[in-house]
Protein chains: 2
Amino acid sequence: MVNLDLNKLPVARADMVVNPCAACSVRDLSICSVLDEDELQQMSEIAANLQFSPHDPIIDEGEAADFLFNVTGGTVRLYKLLPDGRRQITGFLTNGDFLGIALNDNYTYSAEAVDQVNVCRFPRKKLESLLDQYPHLEKRLLGVASNELVQAQDQMMLLGRKTAKEKIVSFLLSLSKRQTAIGRAASPVALPMSRSDIADYLGLTTETVSRTFSLLKRDQSIRIQEGGMVALPDIDHLTELADGY
Amino acid sequence: MVNLDLNKLPVARADMVVNPCAACSVRDLSICSVLDEDELQQMSEIAANLQFSPHDPIIDEGEAADFLFNVTGGTVRLYKLLPDGRRQITGFLTNGDFLGIALNDNYTYSAEAVDQVNVCRFPRKKLESLLDQYPHLEKRLLGVASNELVQAQDQMMLLGRKTAKEKIVSFLLSLSKRQTAIGRAASPVALPMSRSDIADYLGLTTETVSRTFSLLKRDQSIRIQEGGMVALPDIDHLTELADGY
DNA sequence: TCAACCCAATGATGCAGGTCAATGCGTCGT
DNA sequence: ACGACGCATTGACCTGCATCATTGGGTTGA
């Protein structure tokens with residue numbers, strides 16, 4: 001469940017050997033970036049690379065939490081359901097994010113592939129013994145979890161107190177920030193998820209999401225480009241909109 | 001910001017010496033329960049016991065995060081503000097909860113006393129060196145943070161997808177669960193916070209909170225007792241109401 | 001090539017919960 | 001004892017977003 005904020009990743013300390021992750025091929029972003037050669041070796045022997053297609057379930061709420069995942073490609077949605085089918089998406093995970101860090105015996109949320117997804121899967125038992133061996137790993141995980149908590153609180157503010165327009169703008173800005181951090185071109189934001197995913201993430205309906213996008217287009221606050229990319233011409237203006245100045 | 005779920009506290013391992021916390025007088029609930037005599041000695045030398053009256057600020061968003069707190073009495077509200085004054089309360093902390101665990105340099109939320117509050121305050125620098133010395137502490141903190149994340153996701157579901165009635169009932173049930181875990185009498189729930197605190201926690205207005213309480217009273221779903229305590233006569237029924245069956 | 005879908009967009013209408021306003025009740029200070 | 005104040009409750013009304021319904025474009029597969 002932990003959603004790694006790339007902006008706040010603790011920089012690998014000089015005395016650590018920073019390696020590409022042999023198992024999952026994500027350099028410097030994954031858990032592997034704090035492992036040395038021996039540890040990496042141990043990890044890659046037990047890791048599995050898996051692929052998922054759009055809508056494939058990755059984990060189901062309630063099932064035994066035997067694995068930890070590292071997203072290495074594509075976008076994953078985390079969500080919870082109410083008995084009558086109402087859905088709340090609690091986060092989108094992309095390249096480098098961890099999935100399944102929680103220490104519970106069972107997953108407390110479900111995860112599905114939004115688009116074509118690659119993950120690197122480790123048995124959690126193995127990770128736990130690694131944690132005992134290498135305490136600095138624990139510190140890093142604590143940092144990851146702590147960043148997740150900060151984001152969760154921002155999301156509570158968004159869900160509880162922001163208007164539809166503020167929600168959409170906040171969402172676009174957070175995507176932009178994250179995609180910029182990962183190193184894609186800053187300007188146009190990719191939206192791999194559907195309107196209904198966005199709605200369930202922001203506590204709205206698809207219709208309201210759609211209408212709000214139209215509104216922002218009319219405003220010239222955003223521009224839709226070919227391929228569904230969204231350009232954000234004036235970040236400062238949007239930043240004010242996001243907090244309702 | 002970390003809100004300790006007493007149900008899920010890792011039980012102190014047999015090989016740890018479990019002590020009362022000399023500095024803050026909360027037994028078995030606080031960080032001190034995983035320290036041995038020497039560590040406790042170190043801690044109590046640098047800890048301060050502080051008292052706060054209703055509405056007193058405890059920490060302000062943005063200020064340097066130099067301290068970590070352990071709540072030892074009363075109720076604390078954590079919140080964030082939008083520029084126009086809209087407030088989202090992200091959690092209420094009570095006996096045994098930690099405040100300020102996040103690893104950022106500055107607090108990302110504010111905290112105030114709801115009623116008469118006691119806390120035990122440690123310099124964070126000192127805690128960090130303790131963390132380096134005693135890695136099991138880190139594991140425990142990771143467990144605390146991970147439980148917090150689970151709760152945060154439940155709160156997102158509540159804020160994004162539940163009705164006013166479901167929100168209030170969910171809130172009462174979570175208070176009941178927590179107060180029962182702490183060991184108070186199970187049945188009547190104490191509500192130290194105001195209607196407007198509840199509203200800002202649940203993404204509602206004070207009027208809607210008030211009306212919804214009246215509704216639940218009419219239903220016989222809850223009963224108000226002297227001293228503002230709320231009795232929950234049928235937990236199973238309420239549990240269904242909370243998830244909108 | 002053309003159904004059968006799925007998804008986005010948009011219009012018409014409804015309603016849950018927000019806003020505004022009035023009342024009442026404790027509590028506190030003088 | 002009494003005004004001033006903060007908080008809870010309740011009523012009347014309003015509105016932002018939900019709901020319901022229609023259209024159209026893009027994709028899939030027979």
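Predicted model, so just to flag it, every value in this text is computed and none were measured. Here is how names work: the chains are called A, B, and so on, in the same order as the sequence lines, proteins then strands, and each is numbered from 1. Hydrogens, waters and symmetry mates are skipped; everything else that's a heavy atom, side chains included, is used.
- Looking at heavy-atom distances under 4.0 Å, Thr205(A) makes contact with a base.
- Of all heavy-atom pairs between Lys217(A) and Ile224(A), the closest is CD-CG1, 3.4 Å.
- Rounded to whole Å, the distance from CD on Glu226(B) to C1' on dC25(C) is 18 Å.
- At whole-Å resolution of the value, CG in Leu159(A) and P in dC17(D) are 13 Å apart.
- Here the nucleotide nearest the side chain of Lys217(B), chosen from dT9(D), dC17(D), dT10(C), is dT9(D).
- dT9(D) atom P lies 11 Å from atom CD1 of Ile168(B), rounded to whole Å.
- The distance from atom CD of Glu166(B) to atom P of dG17(C) is 9 Å, rounded to the nearest whole Å.
- Atom-to-atom, CG of Asp200(B) to P of dA8(D) comes out at 12 Å; the value is rounded to the nearest Å.
- Gly203(A) comes within contact range of the sugar-phosphate backbone alone, with a heavy-atom separation under 4.0 Å but no base atom that close.
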**Q.** Stepwise ring pair (Phe, Tyr, Trp, His ring centres under 6.0 Å) check, Phe98(A) with Phe69(A)
**A.** CA-CA 6 Å; Phe98(A) 290 104; Phe69(A) 302 80; over 10 Å; no
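- Counting only heavy atoms from C-beta on, His55(B) has its side chain closest to dC7(D) among dG17(C), dA8(D), dC7(D).
- The base of dT19(D) lies close enough to the side chain of Arg211(A) for a donor and an acceptor atom to sit less than 3.5 Å apart.
- At the heavy-atom level, Thr163(B) lies under 4.0 Å from the strands shown only through sugar-phosphate atoms.
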Q: Take Asp197(B) and Arg77(B) through the test salt bridge (charged side-chain N to carboxylate O under 4.0 Å, His left out) and record every step on the way to the result.
A: CA-CA 8 Å; Asp197(B) 283 341; Arg77(B) 61 173 162 259; 2.8 Å; yes
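- Residue Thr208(B) places none of its side-chain N or O atoms closer than 4.0 Å to OP1 or OP2 of dG17(C).
- Of the side-chain N and O atoms in Ser214(A), one or more sit less than 4.0 angstrom from OP1 or OP2 of dT10(C).
- Note: CZ (Arg161(A)) to C1' (dT19(C)) measures 13 Å, nearest angstrom.
- Per the geometry, CG belonging to Leu215(B) stands 13 Å off C1' belonging to dG17(C), to the nearest Å.
- Across dT19(D), dT9(D), dA8(C), the shortest atom-to-atom separation from the side chain of Ser194(A) is found for dA8(C).
- Ring to ring, Phe92(B) and Tyr201(B) are close: their centroids are under 6.0 angstrom apart.
- Atom P of nucleotide dA18(D) and atom CZ of Arg86(A) are separated by 13 Å, given to the nearest angstrom.
- Judged by distance alone, the side chain of Asp115(B) and the main-chain N or O of Thr75(B) form a donor-acceptor pair under 3.5 Å.
- You'll find a donor-acceptor pair under 3.5 Å spanning the side chain of Glu207(A) and the base of dC20(D), going by distance alone.
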